Amino acid sequence: MKRVIAIYPGTFDPPTNGHLDLIQRGSAIFDELVVAVLRNSEKTPLFSVEERVEMLRHCTKQYKNVRIDSFQGLLVEYAESQKAGAVLRGIRAVSDYEYELQMAWMNRKLDPRLETVFMMPAEAYSYLSSRLVREIMNLGGKVSGLVPPLIEQRLREKIKVAGSAPKKTPRRKNRS
Ligand code: PNS
C-alpha cells in the first residue's frame with residue numbers, strides 16, 4: 001500500500017491548541033506528518049524558528065509518526081524533498097477559505113502532484129490564532145486553554161524579557 005507523507009506548514013508563532021488539534025487529526029490519517037516551520041526573513045517573529053521547533057517537538061512527542069522540521073523557500077520544493085504527497089492546512093471559518101484556496105491553487109499550479117487537504121480543528125478553536133494569543137499576552141490577558149502550559153510559560157518569559165510595558169502587536173496580513 002502507498003504510504004502518504006503530509007506536510008503541515010506554518011508560522012506557528014507560537015503553536016496554539018488549534019495547531020495541536022490539527023496535528024492530532026493529521027497524524028491519525030497520514031502515515032507520516034511533517035510539521036514544517038517556515039523560515040521567513042521578511043518577518044520579525046516573537047519566537048525564533050529554533051524555539052518554535054523545540055516547542056512543537058515537546059508538544060507532539062506522543063505522536064510517533066509526527067516529525068518537526070523547518071524550511072525556507074517554496075513549499076512545493078520542500079514537499080518534494082520530503083517525498084510528501086499532501087499538504088495539510090486548517091480551515092477555521094469561511095474567512096480562512098479565500099486565502100487557503102489561493103495558496104492551494106498556486107501550489108497545485110507549481111506542482112500538480114501535490115494535494116492540499118483541508119481539515120477543521122475542533123469547534124472550540126475556531127476563533128483561535130497565534131496573533132490573538134500574542135496580543136492577549138502582550139496586554140496581560142490569560143491564554144490558558146488556548147496554548148499548552150509550556151507555551152504559556154515561554155510566552156510569559158518572552159514578555160518579561162521584552163519589558164513589562166504592553167507592546168503593540170503588528171497586524172499581519174495573513175491569517176495566523
Ligand atoms: O501559518 P501561516 O503563516 O498561515 O503559513 C503560511 C505558509 C507557511 C503555509 C505559506 O506562507 C507558505 O507556504 N510559504 C512558503 C513559500 C511558498 O511556497 N509560497 C507560495 C505558496 S502559494
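Just so you know, ligand 1 is whichever comes first in the structure, and atom 1 is the first atom listed for that ligand. This structure is a prediction, so every number in the text was calculated from the model and none was measured. FYI, side chains are in, hydrogens and waters are out, and symmetry mates aren't considered; it's all heavy atoms of this structure.
In this structure, A36 falls outside the shell of residues with a heavy atom less than 4.0 angstrom from ligand 1. Contact analysis puts R89 in contact with ligand 1, with a non-hydrogen atom separation below 4.0 angstrom. In this structure, Y99 counts as a contact residue of ligand 1, since one of its heavy atoms falls inside 4.0 Å of the ligand.
Atoms of ligand 1 found under 4.0 Å from any heavy atom of L74, numbered from 1 in the order shown, are 17 (C), 18 (O). For ligand 1, the atoms sitting less than 4.0 Å from at least one non-hydrogen atom of M103 are 10 (C), 22 (S), numbered in the order shown with element in parentheses. Ligand 1 places these atoms under 4.0 Å from at least one heavy atom of G73: 15 (C), 16 (C). Close approach of ligand 1 to N107 is summarised as follows: ligand atoms under 4.0 Å from at least one heavy atom of the residue are 21 (C), 22 (S). Interface of L75 with ligand 1, defined as ligand atoms under 4.0 Å from a residue heavy atom, comprises 13 (O), 17 (C), 18 (O). Atoms of ligand 1 lying under 4.0 Å from at least one heavy atom of M106, given by number and element, are 22 (S).
Here Y8 has no heavy atoms under 4.0 Å from ligand 1, in either its backbone or its side chain. Residue contacts with ligand 1 for L38 involve side-chain atoms from C-beta outward but no N, CA, C or O (heavy atoms, distance under 4.0 Å).
Heavy atoms from other residues, nucleotides or ligands lying under 6.0 Å from CE of M119 number more than 12. More than 12 heavy atoms of other residues, nucleotides or ligands lie within 6.0 Å of CZ in R67, so this atom counts as buried by the packing criterion.
At least one side-chain heavy atom of Y78 sits under 4.5 Å from a side-chain heavy atom of I7. The side-chain heavy atoms of L155 and F47, taken from C-beta on, include a pair separated by under 4.5 Å.
The nearest non-hydrogen atom to atom 1 (O) of ligand 1, considering only I7, T11, D96, comes from T11.
For the pairing with V37, the side-chain contact (heavy atoms from CB on, under 4.5 Å) check across L56, D13, T11, D69 returns one residue only, L56.
Cluster annotation: L38 and V76 are assigned to the same hydrophobic cluster (Ile/Leu/Val/Met/Phe/Trp/Tyr, side-chain heavy-atom contacts under 4.5 Å, transitive).
Interatomic distance, CE of M103 versus CG of D96, reported as 9.5 Å (0.5 Å rounding).
Defined by atom type and a distance below 3.5 Å, a donor-acceptor pair is present between the side-chain atoms of Q153 and E157.
Residues A84 and L114 share a closest heavy-atom pair of O-CD1, 3.7 Å.
Of the polar atoms of K43, none of the N or O atoms is found under 3.5 Å from an N or O of ligand 1, judged by distance alone.
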